[in-house]
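Below is one structure, written out as structure tokens; comments come after it.
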Amino acid sequence: MGYNFQEIEQKWQQNWAESKTFQASNSSDKPKYYILDMFPYPSGAGLHVGHPLGYIASDIYARYKRHTGFNVLHPQGYDSFGLPAEQYAIQTGQHPELTTRTNIARYREQLDRLGFSFDWSREVRTSDPNFYRWTQWIFLQLFHSYYDKNEDKAKLITDLITVFEQEGNLNVQAECATSTAAFTAKDWNSFSEEQQQLILLDYRLTYISETEVNWCAELGTVLANDEIVNGVSERGGFPVTKKKMKQWSMRIGAYAERLLQGLETIDWPESLKEMQRNWIGKSVGALVRFPVENHGTSLEVFTTRPDTLFGVTFMTLAPELDLVQEITTPEQKEAVDAYIERTTQRTERDRMADVKTISGVFTGAYAIHPLTQERIPIWIGDYVLAGYGTGAVMAVPCGDQRDYAFAKHFAIPIKNIFADTDISEEAYSDKNAGVKLQDSGFLNGLEYTEAMTTVIAHLEKTQTGEGTINYRLRDAIFSRQRYWGEPIPMYYKNGLPVPLEEKHLPLELPKVENYLPTADGAPPLGNATEWAWDTQKEKVVSNDLIDQEIIFPLEMNTMPGWAGSSWYFYRYMDATNADSFVSKEAAAYWQDVDLYLGGSEHATGHLLYSRFWQKFLFDQGHLPVEEYAKKLINQGMILGSSAFVYRKKGTQQYLSKGLIDGEEVEPIRVDVSLVNASNELDCEALKKWQPQFSEASFVLEAEVYNVGREVEKMSKSKYNVVNPDQICEDFGADTLRMYEMFLGPIEQAKPWNTAGMSGVYSFLKKTWKLFLPANELFVSEENPSPESLKTLHQTIKKVTEDIENFSFNTCISAFMICVNELSAQKCNQRAILEPFTILLSPFAPHIAEELWSLLGHKGSISQVDFPVFDEKFLVESTKNYPISFNGKMRFTRELALDLSAKEIEKIILADEQTQEQLQGRTPKKVIVVPGKIINIVG
RNA sequence: GCCUUGGUGGCGGAACUGGUAGACGCGCUGGAUUCAAAAUCCAGUUCUUUCGGGAGUGUGGGUUCGAUUCCCACCCAAGGUACCA
């Protein structure tokens, strides 16, 4: 019979499910360990071989941790809100919930087949009302909070109201909209309810504002910056334009500094931390005020180089700035208006396309230099962005390349304030020590660092500016014009948003007939007939009943994809709690995620937003820690290898790969299952695959049609998806698990190929044969030989170290060596085979369970203690004498310390083994380095 | 451009704090077994060679008795980011 993986795997998967082997408890004498995977979006294409990569790795680690005495939480769920299900609904009219359910069932089936040790009793789905009621609840908490800059934490908005009533906002240090005006307690108390609410909206951590958004007309929705790639939508590749809309936003900017600082406390990959740092984009510099000539106002600019203040020869404003209209002189008005008109018409895409083109217009106005009182011309130019800093820059052409190019282009004077530098070709933008300032008043002779502190001190003393810190991170837009997402629990009374109360959650998604935006441009929820809030009956009622007194329209936007995923990892701790998103006790027990595994593509999305919510919920006392994931590992994607056929233009003739040179052909992707491992196409199968190929004729080379290959992301639309089911069928889950780990380091992206599968498969067969050489268990109770013990303990050492380091590919090599050696030793002692089975069980759990039970054990192997490495079994044959010889010879450190070169030479010549290796030759040179190793050059 | 990571046989990839480069697997070659094939087992496999050797970890330098590993400069690839003042 041999190794019957199908029977074994089915048997143990069933056994685990029935005995609830992997259910975690929320209390235990053992230390806790929480290992988390990024939960999948259940797409219609099903699971492909890339998905399980991370899950296999985390499963190995979770199983290892159970073996080493931890109470392990290893849950799984589904990020089940999302655009694809909605797109599918638009096309087919099927409710997204229905398709999502079907997809989840399929995912579950595929996941189960791989033998994961998930605790499914804690499964979560973000689209489940029992889950999203808590997403909505967190949204309300954010709405009821503001950020106090003095205490550097989020506080309740009711506290802020108390302050306003007593002393107005004059002393309030809080994150708020830039437009918020100052008011006294008296003012506040005289404001109408409506005015008060509008002011509070400027302070809330989630707020409504008119924002310029990335609008994608084809998708009918707003996109976040990270959903846009190269100026087109990540999904579908549709054009994106700017549009002003009323949107919910999250004040993530309030947490910029803490998000940055927090990175120092967590063990995440350096590259990912760097990405987040860049995204937050902290710059230290100064705000400088330039009074505008003949105007009451002054122009405020942000600069990272206040030391170059004396080098300013012009100012540039972003064309969108309101101030531009105010200060433009009548003579320049026409030119300025024309320029503004031109820039607004240009889409983001156009603007990116010609970064090199320099454009701008003089406004006719002048600013007064705060230190020299010189008149500085004010220009506008679209290289200045309205959304960063103050939307205005002081231009120092000698020190900034963009300013330099602008000045050259418009023949504006350039003043060199850097002594002994050449700026005839380009600006001098380095901050090197040694370069002294000149022509810079009281800064003359100073270098960068000194000049910075001196000038900032001076600005602050003369009240013309101050040192400041600026962040690139913008507030996150939270509204989506989509159906398949969490409804925002708000209704509108007199145009102002009013939150629902906690007891009214969840606010469930209404039924709609049509998932597209309405004819008048409202989001899909505008199609719902039952989408109004009755404040008396406290329930959702029909839109027809809306009046101005008690029944109001509900918010029609839904939440973005990252809402549910920003906190789901706490729900696993207490998945069925109906009273809170997680109980205090469960959160106190599990605390945080010890190890989080997922792709780096979420670096500036999910992984940043979730840290933000975490800090907020921590501030409000709902969670015990400020960072939720101690350690994070990025697993690399498994890429697909797409296959191409080449159609001769305008014909039904397909040329083999080697024949396309010099021909006009169009490459067409074909399903990879139609191609064999040597890139040969099954032509008959292709004809049947799609109607467009039914009339195809093939031009072969050497009797076969060779396809072209290209490595790219695995995706249904690229026909390069390889699905794990067939591999489980042919080789078994244990082989697939080990093979995916054997493919290479976990962090690395790698193309999928099945070429090496047979190696892993034959390893498992050899393992089986080691226990059952003649289809029957053959195990002796004798004491094992020293060599077998040595092999075992070497393997224990290597496997333990490699698991701890997540170096699973080398770990599997160690297993292969071990089995080869034990086979060669004809080892069949229980004392060796039993520990070996435990070592193997995290990787190949099914075969390990089977062998464990064959060895006569009752119960699952999964909780058995992991074998411990014992050095005494490693026979120290190499202790005092040459480890080996190959032109060089190595001694232990102790020996090298004690002996001189001459003495060592004597030992070498006296040693029989060495003599043999030297084959009669005498060493030419002996090099002794005290405390190190000795080289003998033969 | 900037930031991050990486560059080792025909291929995927090993090599701990500098110490026998190429572990392990695939592929390939030869052999055993078989009527034959599959499966299995054994041996070989960086390149080069006049069989003594010689060269070799992207390129060029440097430090060291000794460098894939450390330092400098450059080239290339992947991912991120971009008129961010």
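Chain letters run A, B, ... following the sequence lines, proteins first and then strands; every chain starts at 1. Here the structure is a predicted model, which is why all the values come from computation and not from measurement.
Nearest nucleotide to the side chain of A:Lys766, out of B:rG13, B:rC84, B:rC41: B:rC41. Taking the side chain of A:Phe742 as heavy atoms from C-beta on, and the options B:rC41, B:rG12, B:rA85, the nearest nucleotide is B:rG12. Counting only heavy atoms from C-beta on, A:Pro745 has its side chain closest to B:rA14 among B:rC3, B:rU40, B:rA14. Set against B:rG25, B:rG27, B:rU40, the side chain of A:Asn820 has B:rG25 as its closest nucleotide. Candidate nucleotides B:rC24, B:rU81, B:rA85 were compared by shortest atom distance to the side chain of A:Met816, and B:rC24 ranks first. Comparing atom distances between the A:Thr604 side chain and each of B:rC3, B:rU81, B:rG79 picks out B:rU81 as nearest. Of the candidate nucleotides B:rC83, B:rC3, B:rU81, B:rC3 has the atom nearest to the side chain of A:Asn278. Side-chain atoms of A:Lys769 lie closest to B:rU40 of the nucleotides B:rU81, B:rA85, B:rU40. Of the candidates B:rG79, B:rC83, B:rA14, the closest approach to any side-chain atom of A:Asn809 belongs to B:rA14.
With its glycosidic angle more than 90° from 0, B:rG79 adopts the anti conformation. Applying the 90° criterion around 0 to the glycosidic angle, B:rG9 comes out syn.
You'll find the ring centres of A:Phe843 and A:Phe815 inside the 6.0 Å limit. Taking the six-membered ring for Trp and the full ring otherwise, A:Phe406 and A:Phe314 have centroids separated by under 6.0 Å.
Minimum interatomic distance between A:Val49 and A:Glu740 (heavy atoms only, all atoms of both residues): O-OE2, 2.8 Å. Nearest approach of A:Leu608 to A:Leu259, heavy atoms of both residues: O-CD2, 4.3 Å.
Phosphate proximity of B:rU40 to A:Lys765: present, with a side-chain N or O under 4.0 Å from OP1 or OP2. Distances shorter than 4.0 Å separate none of the side-chain N or O atoms of A:Ser762 from OP1 or OP2 on B:rA39. Listed pair A:Arg402 / B:rC84 meets the phosphate criterion, a side-chain N or O lying under 4.0 Å from OP1 or OP2. In this model, the phosphate group of B:rA85 is approached by a side-chain N or O of A:Tyr388 to a distance below 4.0 Å at OP1 or OP2. The side chain of A:Gln748 places no N or O atom within less than 4.0 Å of a non-bridging phosphate oxygen (OP1 or OP2) of B:rG6.
Remark: B:rG10 base-pairs with B:rC26; criterion is Watson-Crick or G-U wobble with both hydrogen-bond distances under 3.5 Å. For B:rU5, the paired base is B:rA77 (Watson-Crick or G-U wobble, both distances below 3.5 Å). Of the nucleotides present, B:rA32 is the one that pairs with B:rU40 by Watson-Crick or G-U wobble criteria, both distances under 3.5 Å.
Across the C1' atoms, B:rU68 and B:rG7 are found 11 Å apart, a figure rounded to whole Å.
Here the straight-line distance linking atom OH of A:Tyr739 with atom CG of A:Leu764 works out to 14.0 Å at 0.5 Å rounding.
With RNA chain B read from its 5' end, the first of the two nearest nucleotides for A:Ser813 and A:Gly744 is the one closest to A:Gly744.
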